Q: 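Take this structure first; my questions come after.
Lettering of chains follows the sequences in order, A, B, ..., and the numbering in each one begins at 1. Bear in mind that the values here come from a model prediction, so they are computed numbers and not experimental data.
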Number of protein chains: 2
Amino acid sequence: MRTGEKPEIARLPLFREMDEAKRERVFAGSFLQVFPPQLTLFEAGQHPDFLHVLVDGLVELSASSGDRDTTMRIVEPVTSFILAAVVNDLPYLMTARTLEASRILLVPAALVRELINQDTALMQATMHELALAYRGLVRALVDMKTRQSAERLGNYLLRQQARRQEGGLIQLQAEKRLLASLLGMTPENLSRAFSVLSNHGVRVEGSNITIADHEALSAFAHPDKIPV
Amino acid sequence: MRTGEKPEIARLPLFREMDEAKRERVFAGSFLQVFPPQLTLFEAGQHPDFLHVLVDGLVELSASSGDRDTTMRIVEPVTSFILAAVVNDLPYLMTARTLEASRILLVPAALVRELINQDTALMQATMHELALAYRGLVRALVDMKTRQSAERLGNYLLRQQARRQEGGLIQLQAEKRLLASLLGMTPENLSRAFSVLSNHGVRVEGSNITIADHEALSAFAHPDKIPV
DNA sequence: CCCTCGGATTGATGATTATCAATTCGAGGC
DNA sequence: GCCTCGAATTGATAATCATCAATCCGAGGG
C-alpha cells in the first residue's frame, strides 16, 4: 500500500471511529488488489464475500431486470461499496465492474460482520452509513419518478458542483453513455438534454461542463430543498 | 392499548431483540395516538421528533420535487416507519398522511437514539432493518428505471401475492389513484395497464385482482430473480 | 500526419406515457 | 331506492422518450 493510503482509508466514515488495533486487524485480514479496466468484480445474485473499498480508479455498479440494465452508481475513490449486502449476508443486488484500472481493498465479509459485532463504534458508524445511503436512494427514486430527463441532468450537474467546492467547472468522470444510463435515459437523449440546458445557464465543451448561470439552472431543474 | 397489541409491536424486527425492561421503557415513554383519515402526520423537511409505529390503519408516505409529487410507500400495520431520519437526526424526506383512521405509536426520536446507543441488540436490529430497507429501495429504483408501466404493475401484483401466502386473490388496500402514484404513473395509465395485463393472466374486478395464470404474468413482467 | 474506430451528436420516426375531456361506475347520504 | 359526488374508465391528442440511421468528432495507432 502506498504511503498515505492507509490514513485515507482510515478517514472513511466507516473506519474513522474504530480503535487503532481493530483497524490494523482489518488491514491485516484484507487484500489490496489491482484490477484492469472493464473487469467484472462480482455479479448480482452472488454471495457477498468481500466489502469493497475503492482506493484508486473508477467502478460502476449496475443492475438489470429482464434484458434491460441500468447504471446505479459510479463509485469514486475513496469509498466503500455494497455495505448493505455484506451486513445482511444477502446476495448482491448489483454488478460491479471497473471502468478504469482500479486498486480495491477487499475486506472479507465475515471479518466485517465479526468486527461490527465486537465494536459498538463501528456498528454505529455502519448504521449511520446505511441510513445515509438509504436517504440517498430515496432522493434518487423521487428524482426518477418526478422529474423528466433534462431536469434530472440539471440536478445532477448542480449536485456535482456542490460536491466539489470549485467554481462552475464540472469534469465528467465517465463516458456520457454511462452518465445517460445513471440518469435513466439513452445517450441520444442525454445529448438533447444537454442542448436543452444550454438555454438554462449550462455550457458544454466535450466533458467539461460549466454552470454559467446557477440561478437559471436552478429555476429549470427545481433542485431538492431539504438539506443534507 | 388493546390486549395483544404490545406483543405484536414487540414482535417487530426492531424491538424483538431488546430485553423486556428496555421495551417497557419504550412503551412508557411513548404515546399511542388515534388520528382521523387524511391527516398529515408530518411533512418532508421537518425535524424528526418521533419514530412512528403504525399499529392500526393505513398511512401514505409521499415526496415531492417542484410541483410534482409521488407516493413512496403505503404503510400497513404493524410496521415502523421513517427509521432512517430518526437514526441520523436529519429532516424527514417524506410526508406522511393517514389514509384511514389510524392508531400510531409515537416513540420520541431522542429516546430511540438513546436506547439504540445503550443496547447493542437494538442497534444491530436497526442496522439490519436499514440494510434491508436499502435493498428494498435498490429494487424499487431498478424497477422504475428498467421496466415500463404495465410491467411494474405486473411485478407489484406478483410481490403482493407472494407476501400474502393465499391463493391468487389480491385485495388492493388503497385507491387505485394511489397505487398509480406508487408505481410512478397516472391513474389513466394504471387502468390501461390493468387491461394490458388481462391478456397476461390477470383478472380484475374492482379492487379484487386475481392472478389466474402465474406463468403468463411472470413471462410478461420479468420479476426479480434474486431472492429476499 | 493520416487512418481507424468507437463514442457523441443530429435527424427522423415510433413507442410509451401524460394530459384533457367525457362518460361510467359505485359507495354513502338522504 | 334514488341522488350525488368522486373515483375509475375510455377515447383523443400531445408531450416525452426510445429507437434507428446517418454523420461528426477526437483519441490512439500506424
Q: Look up atom OG1 in A:Thr146 and atom CG in B:Asp69, then write down how far apart they are to the nearest 0.5 Å.
A: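 Going from OG1 on A:Thr146 over to CG on B:Asp69, the span is 9.0 Å.
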Q: Just the rounded figure in Å: distance from C1' of D:dT16 to CZ of B:Arg68.
A: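 B:Arg68 atom CZ is separated from D:dT16 atom C1' by 11 Å.
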Q: What's the CZ-P distance between B:Arg147 and D:dA18, to the nearest Å?
A: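 Taking CZ of B:Arg147 and P of D:dA18, I get 17 Å after rounding.
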Q: Under a 4.0 Å N-O cut-off, is there an ion pair linking B:Arg164 with B:Glu76?
A: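 The answer is yes: the pair qualifies as a salt bridge.
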Q: The test is side-chain contact (heavy atoms from CB on, under 4.5 Å); show your working for B:Val204 and B:Lys176 and say whether it passes.
A: CA-CA 12 Å; B:Val204 187; B:Lys176 285 188 181 173; 4.0 Å; yes
Q: Distance from B:Asp49 atom CG to B:Tyr92 atom OH, nearest 0.5 Å?
A: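 Taking CG in B:Asp49 and OH in B:Tyr92, the distance rounds to 5.5 Å.
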Q: Could you state the atom-to-atom distance from CZ of A:Phe194 to C1' of C:dT10 in whole Å?
A: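 Value for this atom pair: 16 Å.
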Q: Just so I know, are the side chains of B:His200 and B:Glu151 near enough to count as touching, which here means a heavy-atom distance under 4.5 Å?
A: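 With C-beta onward as the side chain, the pair stays apart.
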Q: Between the two ends of the helix from C:dC1-D:dG30 to C:dC30-D:dG1, what is the bend in degrees, rounded to 10 degrees, where each end axis spans five pairs?
A: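 Here the local axes at opposite ends form an angle of 30°.
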Q: Starting from P on C:dG6, measure out to CG on A:Leu99 and report it in whole angstrom.
A: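 These atoms are roughly 18 Å apart.
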Q: Quick check for you: to the nearest 0.5 Å, what is the distance between A:Met144 atom CE and A:Leu183 atom CG?
A: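 These two atoms lie 7.0 Å from each other.
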Q: Output all residues satisfying salt bridge (Lys or Arg N to Asp or Glu O under 4.0 Å) with B:Asp224, sequence neighbours left out; order by chain, then residue number.
A: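 Applying salt bridge (Lys or Arg N to Asp or Glu O under 4.0 Å) to B:Asp224 gives B:Arg139, B:Arg147.
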Q: Quick one: A:Arg177 CZ to D:dA18 P, roughly how many Å, whole number?
A: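 Rounding to the nearest Å, CZ of A:Arg177 and P of D:dA18 are 14 Å apart.
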Q: Could you check B:Ser195 against B:Glu175 and say which one's nearest nucleotide on DNA chain D is further toward the 5' end?
A: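 Mapping each residue to its closest nucleotide by heavy atoms, the 5'-most match is B:Glu175.
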Q: What's the NZ-C1' distance between B:Lys145 and D:dC17, to the nearest Å?
A: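 After rounding, the reported distance stands at 15 Å.
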Q: Provide, to the nearest angstrom, the distance between the CG atom belonging to B:Leu172 and the P atom belonging to C:dG26.
A: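 That distance rounds to 15 Å.
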Q: To the closest 0.5 Å, what do you measure between NZ (A:Lys145) and CG (B:Leu141)?
A: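 Output value for this atom pair is 11.0 Å.
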Q: Checking side-chain polar atoms at under 3.5 Å, does A:His47 have a donor or acceptor matched by the opposite partner on A:Asp89?
A: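 Short answer, yes.
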Q: To the nearest Å, how far apart are B:Lys176 NZ and C:dG26 P?
A: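 Whole-Å distance recorded here is 10 Å.
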Q: In residues 179-192 of chain A, which ones come under 4.0 Å of DNA chain C, going by heavy atoms?
A: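 When residues 179-192 of chain A is checked for heavy atoms under 4.0 Å from DNA chain C, the hits, listed by number, are A:Glu188, A:Ser191, A:Arg192.
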